Amino acid sequence: MGELDALYEEIILDHYRSPRNRAPGLSGEDAQVHHSNPLCGDELDVRIRIRDGVLDGLAYDGDGCSISLASASAMSVAVLGRPVEDVLGLVEEFRLMMHGEQPGRADDLGDSMVFEGVARFPVRVKCALLGWMALRDAIDTFRRGDDANDVTHEDQHE
Amino acid sequence: MGELDALYEEIILDHYRSPRNRAPGLSGEDAQVHHSNPLCGDELDVRIRIRDGVLDGLAYDGDGCSISLASASAMSVAVLGRPVEDVLGLVEEFRLMMHGEQPGRADDLGDSMVFEGVARFPVRVKCALLGWMALRDAIDTFRRGDDANDVTHEDQHE
Amino acid sequence: MPIDVAAIRTEFPTLAREVRGERLVYLDSAATSQTPEAVLAAMERYYRTSRSNVHRGVYLLAEEATDAYEGARTALARLVGADPRGVVFTKNATEACNLIAYGYVRRTLGPGDALLCTVMEHHANMVPFVHAANDRGFEVRYVPVTEDGHLDLAEAARLVADGRVRFAAFTHVSNTLGTINDVPGLAALVRDANPDAVVHVDGTQAVPHLPVDVAALGVDSYALTGHKMFGPTGIGALVADPALLERMEPMLTGGEMIRDVTLTGATWNDVPHRFEAGTPMIAEAAGLTAAVAFLEELGPDAVRAHEVELGATFLAALADADGITVHGPTTMAERGAAISFSVDGVHPHDVGAMLDARGVCVRVGHHCCKPLMRELGINATVRASLHVYNDADDLEPLLDGLAAARAMFAVGRSA
Amino acid sequence: MPIDVAAIRTEFPTLAREVRGERLVYLDSAATSQTPEAVLAAMERYYRTSRSNVHRGVYLLAEEATDAYEGARTALARLVGADPRGVVFTKNATEACNLIAYGYVRRTLGPGDALLCTVMEHHANMVPFVHAANDRGFEVRYVPVTEDGHLDLAEAARLVADGRVRFAAFTHVSNTLGTINDVPGLAALVRDANPDAVVHVDGTQAVPHLPVDVAALGVDSYALTGHKMFGPTGIGALVADPALLERMEPMLTGGEMIRDVTLTGATWNDVPHRFEAGTPMIAEAAGLTAAVAFLEELGPDAVRAHEVELGATFLAALADADGITVHGPTTMAERGAAISFSVDGVHPHDVGAMLDARGVCVRVGHHCCKPLMRELGINATVRASLHVYNDADDLEPLLDGLAAARAMFAVGRSA
Ligand SMILES: Cc1ncc(COP(=O)(O)O)c(C=O)c1O
Ligand SMILES: Cc1ncc(COP(=O)(O)O)c(C=O)c1O
């Protein structure tokens, strides 16, 4: 069962059991997106607030496996309060990490670093990415001036 | 090369080289049919005359392999001058022989008996049958009162 | 002869494998079955001794290849009680459903007509018809699923009452709920309302597990797939009444399926060749013949008896386990051996991963039944599905993994 | 590295066979090629160790199966210089041609539009478009074939001049005449007249024999088939520009190819998965990967060089033989290694039988090119086609059989 340890690190289980910034019934922020992965039925809503170029509000809610929910939780901690450009940089770091590349900003990724092991489980990579891709999309949506977007497959946005 | 002898019996080659009742440019009989086998490109025209229930005229022409042309030639000898019902019986005898059954009327089939060996070559069975199926169809055409018919695949009529 | 699982297991090479240090426990036969040695040998025989193309060849190898290919038609027809002239080979069951959607439904149904489908269909037996309906302007009506996982036949009777249903498509056995549907009953209901209606059944999950006789079922067409019935990947079939095939247009056109071709048109070959364009799945057909022989040797009745017994054991154990909800019928008399369930407070993906770590292969997800999932109010299930090589030894690792998943994910968390 | 025929022959099990007491001389690779051990081993590996379904599986076997399947996409894309996202797997080349006929042509062309085809096409690259034209009311225009077996490009220029040709379908290499067409030249001609025209090429006879780079050819889509390129039966591909695929509707619908399904409609998955409905040809894809590796190891340039040399030997010998008329181009610079000919006064069927008795496998018939046959004024030809496992030793039995056929059938008979 050694393999499983790489997938279900204690930190991941902790974020899963005690999610940070998870807010059932999101409302009142600047941009909201709904992402889902039809292959496993994961669904995630992400809502963000951007003030003066800084991501100063983020909440999410959804229905998903431990990896997708824990990843969203760890992500929220890592990105909140950062300038939007910096957040997009972290999104890209995380995405590359999920494709097997060594991330350069381990400190900034914080707890999200423990998802490195997930890269070894191809079918779970999409789970770990769900929150991050939704966040990137929410920022795009905000910048376009829309306030909502609905994406049913994060693959194409990856 | 023993196998080949079963296919190309001397009698078959003789009918091929010296066809009986082959008449280039058929005309003036009671019913005419054109049959072709799209798989190998064989084409055969058969024209018959029926008087008082007797097949008293038959000529054919076409473009085909040695088996199909020799079979038509041997057939013409076997059937000419017989009552139509009897001819249809011979057609059925020959058809069954091509599917591996022992024919009961070896004498009446005459030279056509040598085609028995062709049954061992599945792709050539259709060649040997081409003339016989055209003949059966010509009789049907005559009985329906039509004077011509065109069939591009003898399979379905077999 | 009852099924001798230990002996049977030796015929399936993959089952001897260890995964992550554990014995492989394969509980995913509803997705695809394992392949016995005899099937591999039949394909090898073709590739090693008769490798050539079928039809039209005047040399010995080509005759052997043709016999191998056409022999599969005869074998499959025999297995399901059909006329060989009604057997059209496709690449999978999905193509078989599309074939009838293109060849019959799209050419026949239009505005004012209706097609009967059910909420429990696999996407393969639903999307081709919905797609056709959207292009051609006919209506699709759905038989709902009752609480206990059956088709609602009373509602079905209402849906066909106006006589406008000209085509019905439904599954013999549900790949998600396991339900064995009353095929003759529903077929009769459809025909009572409209004697000319065509009844098409998705037999994908039935043929590998039950005795099937399409004549006795009273259906016009029946789809199946090789890879779930011990056969190779890449081959399936539409088994139909030859008279129905005669009324159908081909879907795929090209070589082999024509009688004549000119620059402005083509005439079609005889049934069933009309529907088999291009070089067919020759090795796959040889493998399928061996798969049919394998099933016949086991005996479809014995296969079913084994699954009824083993399925009951699994169902009872899952009913006893903590936090497990089984979907679909609860007794084996009403169902096949594909058992879907939810694990309270644990996402199916996490269940799957915990089981994988124990060498247990199950399927998690929507099982290509999104409309049914929506109906059940869930996103995904865990599905354990059984076949002749499974026995009660496979139960323990499953239960063990489920308990571990509950312990790891369901504790201290509100569902 | 030049081709070492003796060494290569040991990799093809069927070639070791004797037929009717004679050494097997396989001269029918244009119909289907022999399969090397490496391809059989790759399929066995899948069946024996990773037997499971692809995509969505959360267990190890399913991941391995998915890697085997998706690996074939990458391998094939590399071989023909394409983007893996543009590789759609089909059951054969015929399905690939139908896919673009349904997914693009039928959805795009209508009255007033024209489609350019050629008289030398295989039925697979003609009938789907003619069938579409008859349903949709657009016009099909045919590039004629010159006396020396080439496409008449001057006439082609005239045919596209009015700018109404929106789609062109033609073959890279003719399976009957052997002609290697000027693909970039004809593609440019089509696009000069209409920059938005889509150019589809049938590469079935090219990929097994020539270096192919679809980007350099400048085509939008390219059909090929596994069983003629050392791969298994049951798999082919449409290799297309992903941007073109994005504009296409799926032909087959069902599982795997959807994003979401409701009772009233469905949304499609990403390209190329959108075009692959149902369980795919998994073992076949594993085999195709090995076939690609086999071709790459030989080197497409070396394969071509071998065939040019051997083809010249065969052409020269046939030109010298009594009563043989070769169809198509006369120098290997202009053609591939499929050599069609007529034997004066002898029906092709009889030629085939005489050759079969000597263990020589050739194809006789219309080669799925009935319109071309009509153009040539004949019903059928004999076709001997060469590949890497053939050498000059195969010539003698062929010539011997031809002479015997002439002696037996052509003497004492007016043609
Ligand atoms: C030029 C050409 N195109 C298409 C095809 C069709 O290929 P397949 O039979 O694999 O569909 C063939 C072979 O039969 C061919 O030679
Ligand atoms: C009920 C049912 N129908 C159709 C299919 C489709 O079969 P295939 O994937 O072989 O096309 C499946 C399996 O996936 C199934 O379970």
Side-chain angles (χ1 to χ4, degrees), chain C residues 13-14 17 19 28 31-32 34-35 40 44 47-49 51-53 56 58-61 91-95 97-98 122-124 127-128 130-131 134 142 227 232-234 252-255 258 260-263 265-266 277-279 281-284 349 352-353 356 361 364-365 368 370-371, chain D residues 13-14 17 19 28 31-32 34-35 40 44 47-49 51-53 56 58-61 91-95 97-98 122-124 127-128 130-131 134 142 227 232-234 252-255 258 260-263 265-266 277-279 281-284 349 352-353 356 361 364-365 368 370-371:
Chain C
T14 306
R17 184 170 167 187
V19 162
D28 199 16
T32 201
Q34 293 298 315
T35 321
L40 301 181
E44 287 259 318
Y47 279 120
R48 291 183 175 278
T49 64
R51 182 74 180 97
S52 60
N53 214 324
R56 281 175 306 144
V58 288
Y59 53 88
L60 186 70
L61 263 59
K91 65 179 172 182
N92 53 25
T94 303
E95 188 191 340
C97 294
N98 277 273
H122 187 282
H123 295 159
V127 185
V130 174
H131 196 218
N134 291 341
Y142 292 93
H227 67 91
T233 58
L252 303 177
T253 58
I258 56 97
D260 196 12
V261 174
T262 67
L263 295 176
T279 301
M281 301 65 74
I282 311 171
E284 291 78 0
H349 243 163
D356 178 43
C361 309
V364 303
C368 295
K370 292 207 79 162
Chain D
T14 306
R17 182 169 168 189
V19 163
D28 198 17
T32 200
Q34 294 298 317
T35 321
L40 301 181
E44 287 260 317
Y47 279 120
R48 291 183 175 279
T49 63
R51 182 75 180 96
S52 60
N53 213 325
R56 281 173 307 145
V58 289
Y59 54 86
L60 186 69
L61 263 57
K91 66 179 171 182
N92 53 25
T94 303
E95 187 191 341
C97 294
N98 277 274
H122 187 282
H123 296 158
V127 185
V130 174
H131 196 218
N134 291 342
Y142 292 94
H227 67 91
T233 58
L252 303 176
T253 58
I258 56 95
D260 197 10
V261 173
T262 68
L263 295 177
T279 301
M281 301 66 73
I282 311 172
E284 291 79 359
H349 244 162
D356 177 42
C361 311
V364 303
C368 296
K370 292 205 79 160

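Here is how names work: the chains are called A, B, and so on, in the same order as the sequence lines, proteins then strands, and each is numbered from 1. These figures come from a predicted structure and were not determined experimentally.
- Looking at Cys361(D), the atoms closer than 4.5 Å to chain C (heavy atoms on both sides) sit in the backbone and in the side chain alike.
- In this structure, Val19(D) and Tyr59(C) have side chains that are not in contact, with every pair of non-hydrogen atoms separated by 4.5 Å or more.
- Put simply, of Thr262(D), Asn92(D), Thr14(D), the one with the most heavy-atom pairs under 4.5 Å next to chain C is Thr14(D).
- A search for side-chain contact (heavy atoms from CB on, under 4.5 Å) contacts involving Thr253(C) returns Pro250(C), Met257(C), Trp268(C), Asn98(D), Val127(D), Pro128(D), His131(D), not counting sequence neighbours.
- When all heavy atoms of Ala283(D) and Thr233(C) are compared, the closest pair comes out as N-OG1, 3.2 Å.
- In this structure, the side chains of Val130(C) and Leu263(D) stay at 4.5 Å or more apart for every pair of heavy atoms.
- Remark: the backbone N or O of Thr49(D) is paired with a side-chain donor or acceptor of Arg17(C) at under 3.5 angstrom.
- Of the listed residues (Gly255(C), Ala353(C), Cys97(C)), the greatest number of heavy-atom pairs within a distance under 4.5 Å of chain D belongs to Gly255(C).
- Most heavy-atom pairs under 4.5 Å with chain C, from the set Lys91(D), Glu95(D), Arg48(D), Glu44(D): that is Arg48(D).
- Nearest heavy-atom pair across Arg51(D) and Gln34(C) is O-NE2, 2.9 Å.
- In this structure, CD1 on Ile258(C) lies 6.5 Å from SG on Cys368(D), to the nearest 0.5 angstrom.
- Of all heavy-atom pairs between Ala277(C) and Thr94(D), the closest is CB-CG2, 3.6 Å.
- Distance check: Met281(C) CE to Glu284(D) CD gives 9.5 Å after rounding to the nearest 0.5 Å.
- Taken from CG in Leu40(C) to OH in Tyr47(D), the straight-line distance is 7.5 Å, to the nearest 0.5 Å.
- Remark: Thr279(D) pairs with His227(C), Asn53(D), Ile282(D) by the side-chain contact (heavy atoms from CB on, under 4.5 Å) rule, at least two apart or across chains.
- Here the OG1-CG distance, from Thr32(C) to Leu61(D), works out to 11.0 Å after rounding to the nearest 0.5 Å.
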